[in-house]
**Student:** 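Below you'll find the structure I mean.
Both ligands and their constituent atoms are indexed starting at 1 by order of listing.
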Amino acid sequence: MKQYLQLVQNILDQGSWQTNRTGIRTLSMPGAMLKFDLQQGFPAVTTKKLAFKSAIGEMVGFLRAARSAADFRALGCKVWDQNANENQAWLANPYRLEADDLGPVYGVQWRQWPAYKLIDLARPHSQAQVADALAKGYTQIGEVAEGGKRQIVLYKAIDQLRQCLDTIMTDPGSRRILFHGWNWAQLEEMALPPCHLLYQFLVDQSKREISLCLYIRSNDVGLGTPFNLTEGAALLHLMGRLSGYTPRWFTYFIGDAHIYENHLDMLQEQLKREPFESPKLVLSDRIPDYAVTGQYQPEWLEKVEPSDFWLEGYQHHAPLTAPMAV
Ligand SMILES: Nc1nc(=O)c2c([nH]1)NC[C@@H]1CN(c3ccc(C(=O)N[C@@H](CCC(=O)O)C(=O)O)cc3)CN21
Ligand SMILES: O=c1ccn([C@H]2C[C@H](O)[C@@H](COP(=O)(O)O)O2)c(=O)[nH]1
């Protein structure tokens, strides 16, 4: 995983000091890209011990639309505890429901993006529009009268991830297979607005390969990047397994790439270490391979467990860690 070390070195060479909401300064660099051929191995950091089980637990939590740090802990991932319970701004936020609550973060948007339609009954084809919305799974939740106009309110929770998987199956040539976490209508209800927020899947029908472009608006290169690389690549493997395509290119775009001041020692130490060969990700045989079964089983998006994922041949240097900025 030389690319990770190159990113760290680039930030050290070209970054500049910035202040931010956490009170811990960062060396920051605008714009970075890492691109991995997953056929050559899994992008696990090797210059320290990757908390693989924790990262996979977080991803499984996203798949299940978790909104509580307790849900993540139950999956073996403790990294949300501080954001849920130690951030003063969040503790004072009226949308925080209870201890451990995170609000409608990541998975809630991935699996249950709230969608509303307002249909003015006086406008052309309004009845056909209502019928179309009902056929697409919306339910009528009310009626409002605004300025004398009658409007129907319809609601549905959009399962963006499932729609992506469905589209990979039904229209693999589509250039619209993406899901988004940045829901402006709910940002203020979240403990933290999403960092990894745009996932686009690209299918190569002739090679029977699937690729992912992931955009991360803000990335903590010391702690966040190793997790985000693991989760993005594992998600691509899972989507490939369920749709019968081989995972290939994982392209990782960062908006604000930064190193927190108190992570510098950890990263300097990693730069002194020679990276090992990349390991291989293995998915349990429990997860049905569409290429083998020919049976589409999208319910496995929810059924997978952290124990269904493991690394083979993972060689790493001694563990290193550093505090998370809250
Ligand atoms: N400042 C900050 N950085 C982040 O990367 C981050 C947040 N906040 N808030 C939300 C999530 C949580 N993520 C995190 C948070 C902490 C670790 C972390 O402490 N990792 C340790 C080991 C953790 C473990 O053993 O479970 C590490 O050494 O990798 C990783 C990802 C990524 N996110
Ligand atoms: O998956 C994640 C989640 C969070 N981060 C980091 C990036 C930043 O250091 C903080 C978020 O703070 P903002 O002020 O909202 O940018 O968390 C990450 O790297 N990966």
Side-chain angles (χ1 to χ4, degrees), residues 1 4 7-8 11 15 18-30 32 34 44-62 66-69 71-90 93 100-103 105-107 109-110 181-182 187-188 190-199 214-235 252-263 265-267 269-270 306 314 316-326:
M1 260 271 284
Y4 177 70
L7 170 66
V8 170
I11 299 174
Q18 306 290 328
T19 55
N20 62 76
R21 61 167 183 89
T22 69
I24 301 171
R25 289 195 311 162
T26 57
L27 252 185
S28 303
M29 186 176 70
L34 282 65
V45 167
T46 60
T47 46
K48 70 173 180 186
K49 184 169 192 268
L50 169 70
F52 177 76
K53 280 290 160 205
S54 173
I56 294 293
E58 187 186 23
M59 184 196 74
V60 170
F62 295 152
R67 61 168 288 154
S68 158
D71 296 336
F72 287 106
R73 278 199 304 278
L75 291 164
C77 173
K78 294 187 191 137
V79 303
W80 281 100
D81 293 4
Q82 287 176 285
N83 285 114
N85 300 319
E86 291 174 27
N87 179 293
Q88 286 313 316
W90 178 239
N93 186 317
D100 284 329
D101 188 37
L102 293 161
V105 291
Y106 300 103
Q109 303 301 332
W110 297 12
W182 196 258
L187 294 179
E188 64 271 34
M190 305 177 192
L192 201 69
C195 292
H196 45 102
L197 48 73
L198 178 59
Y199 290 74
L214 167 57
Y215 186 84
I216 314 216
R217 68 166 175 86
S218 169
N219 214 188
D220 171 348
V221 171
L223 291 181
T225 304
F227 267 55
N228 297 137
L229 287 171
T230 298
E231 294 165 291
L235 178 64
Y252 184 94
F253 299 94
I254 309 177
D256 184 317
H258 51 265
I259 296 174
Y260 284 99
E261 192 166 19
N262 54 0
H263 295 180
D265 288 348
M266 173 176 76
L267 291 168
E269 175 59 30
Q270 287 183 256
Y314 179 47
H316 57 81
H317 288 270
L320 288 172
T321 196
M324 187 190 98
V326 186

**Student:** Atom 1 (N) of ligand 1: which protein heavy atom is closest, and how many Å away?
**Tutor:** A325 O, 2.8 Å
**Student:** If you measure from each non-hydrogen atom of N228 to ligand 1, which part falls under 4.0 Å: side chain, backbone, both or neither?
**Tutor:** neither
**Student:** Under a 4.5 Å cut-off applied to non-hydrogen side-chain atoms, are L267 and Y4 in contact?
**Tutor:** yes
**Student:** Just going by heavy-atom distances, which of L223, L192, V105 is nearest to atom 18 (C) of ligand 1?
**Tutor:** L223
**Student:** Just jot down the ligand 2 atoms closer than 4.0 angstrom to any heavy atom of G224, in number order.
**Tutor:** 19 (O)
**Student:** In terms of atom number and element, which parts of ligand 1 are under 4.0 angstrom from non-hydrogen atoms of G224?
**Tutor:** 5 (O)
**Student:** Less than 4.5 Å apart, any side-chain heavy atom of H258 and any of D220?
**Tutor:** yes
**Student:** Are N87 and R21 packed together at the side-chain level, in the sense that at least one heavy-atom pair is separated by less than 4.5 angstrom?
**Tutor:** yes
**Student:** Which atoms of ligand 2 have any heavy atom of Y106 under 4.0 Å away?
**Tutor:** 1 (O), 3 (C)
**Student:** Which of the numbered atoms in ligand 2 are under 4.0 angstrom from any heavy atom belonging to N228?
**Tutor:** 1 (O), 2 (C), 18 (C), 19 (O), 20 (N)
**Student:** When you measure from atom 15 (O) of ligand 2 to every protein heavy atom, which one gives the shortest distance, and what is it?
**Tutor:** R217 NH2, 2.8 Å
**Student:** Tell me whether T26 contacts the main-chain N or O of S28 through its side chain, where contact means a donor paired with an acceptor under 3.5 Å.
**Tutor:** no
**Student:** I'd like the name of whichever of N219, V326, I24 reaches closest to atom 18 (C) of ligand 2 through any heavy atom.
**Tutor:** N219
**Student:** Taking atom NZ of K49 as the centre, does the number of heavy atoms from other residues, nucleotides or ligands within less than 6.0 Å exceed 12?
**Tutor:** no
**Student:** Given the rule in the side chain to side chain contact (heavy atoms under 4.5 Å, CB included) test, do I254 and L7 qualify, once you have shown the distances and angles that lead to the verdict?
**Tutor:** CA-CA 11 Å; I254 309 177; L7 170 66; 3.9 Å; yes
**Student:** Is it the side chain (CB and beyond), the backbone, both or neither of D220 that lies under 4.0 Å from ligand 1, heavy atoms counted?
**Tutor:** side chain
**Student:** What atoms of ligand 2 come closer than 4.0 angstrom to any heavy atom of H196?
**Tutor:** 1 (O)
**Student:** Would you mind running through ligand 2 and noting each atom that sits below 4.0 Å from a heavy atom of R21?
**Tutor:** 10 (C), 11 (C), 12 (O), 13 (P), 14 (O), 15 (O)
**Student:** Protein heavy atoms near atom 33 (N) of ligand 1, is at least one of them under 4.0 angstrom away?
**Tutor:** no
**Student:** Once you restrict to heavy atoms under 4.0 Å, what part of I216 touches ligand 2? Side chain, backbone, both or neither.
**Tutor:** neither
**Student:** Does ligand 1 have any atom sitting under 4.0 Å from a heavy atom of M324?
**Tutor:** yes
**Student:** With under 30° as parallel and over 60° as perpendicular, where do the rings of F62 and Y106 fit, or are they tilted in between?
**Tutor:** tilted
**Student:** Taking 4.0 Å as the limit for heavy-atom contacts, which would you say applies to N83 with ligand 1: side chain only, backbone only, both, or neither?
**Tutor:** side chain
**Student:** Is there a donor-acceptor pair closer than 3.5 Å between any side-chain N or O of N85 and the backbone N or O of D100?
**Tutor:** yes
**Student:** Is there a heavy atom in P226 that sits closer than 4.0 Å to ligand 1?
**Tutor:** no
**Student:** Hey, which of W110, W182, Y215 is the one that makes ring pair (Phe, Tyr, Trp, His ring centres under 6.0 Å) with Y199?
**Tutor:** W110
**Student:** Answer with side chain, backbone, both or neither: which part of C195 has a heavy atom less than 4.0 angstrom from an atom of ligand 2?
**Tutor:** side chain
**Student:** If you count the atoms of ligand 1 from 1 in the order shown, which ones are under 4.0 Å from a heavy atom of A51?
**Tutor:** 24 (C), 25 (O)
**Student:** Under a 4.0 angstrom heavy-atom cut-off, which atoms of ligand 2 come close to S218?
**Tutor:** 7 (C), 8 (C), 16 (O), 18 (C), 19 (O)
**Student:** Can D256 and Q18 be said to form a side chain to side chain contact (heavy atoms under 4.5 Å, CB included), step by step?
**Tutor:** CA-CA 11 Å; D256 184 317; Q18 306 290 328; 5.8 Å; no
**Student:** So, the side chain of N262 versus the backbone of A322: is there a donor-acceptor pair under 3.5 Å, distance only?
**Tutor:** no
**Student:** Between H263 (side chain only) and P323 (backbone N and O only), is there a donor and an acceptor less than 3.5 Å apart?
**Tutor:** yes
**Student:** Determine whether any heavy atom of W80 lies closer than 4.0 Å to an atom of ligand 2.
**Tutor:** no
**Student:** Please identify which atoms of ligand 1 are closer than 4.0 Å to at least one heavy atom of T321.
**Tutor:** 21 (C), 27 (C), 28 (O)
**Student:** When you measure from the side chain of Y314 to the backbone of L50, do you find a donor-acceptor pair of N or O atoms at a distance under 3.5 Å?
**Tutor:** yes
**Student:** Take atom CG in D265; do more than 12 heavy atoms of anything else shown fall under 6.0 Å from it?
**Tutor:** no
**Student:** When you measure from the heavy atoms of Y260 to every atom of ligand 2, does any distance fall below 4.0 Å?
**Tutor:** yes
**Student:** Tell me the contacting part of F62 for ligand 2: side chain, backbone, both, or neither, using a 4.0 Å heavy-atom threshold, strictly below.
**Tutor:** neither
**Student:** Does D101 offer a backbone N or O that forms a donor-acceptor pair with the side chain of W90 under 3.5 Å?
**Tutor:** yes
**Student:** Within the structure, is a non-hydrogen atom of L320 found at a distance of less than 4.0 Å from ligand 1?
**Tutor:** yes
**Student:** Is there a heavy atom of E231 sitting under 4.0 angstrom from any atom of ligand 2?
**Tutor:** no
**Student:** Counting non-hydrogen protein atoms only, what is the nearest one to atom 17 (C) of ligand 1? Give residue, atom name and distance.
**Tutor:** V79 CG1, 3.6 Å
**Student:** Closer than 4.0 Å to some heavy atom of S54 - which atoms of ligand 1 meet that?
**Tutor:** 24 (C), 26 (O)
**Student:** Should D220 be counted as touching ligand 2, given the test is an N or O pair under 3.5 Å?
**Tutor:** yes
**Student:** Using only heavy-atom distances, determine whether the side chains of N219 and T225 contain a donor-acceptor pair under 3.5 Å.
**Tutor:** yes
**Student:** Determine whether M324 and Q82 make a side-chain contact, defined as any pair of heavy atoms from C-beta on separated by less than 4.5 Å.
**Tutor:** yes
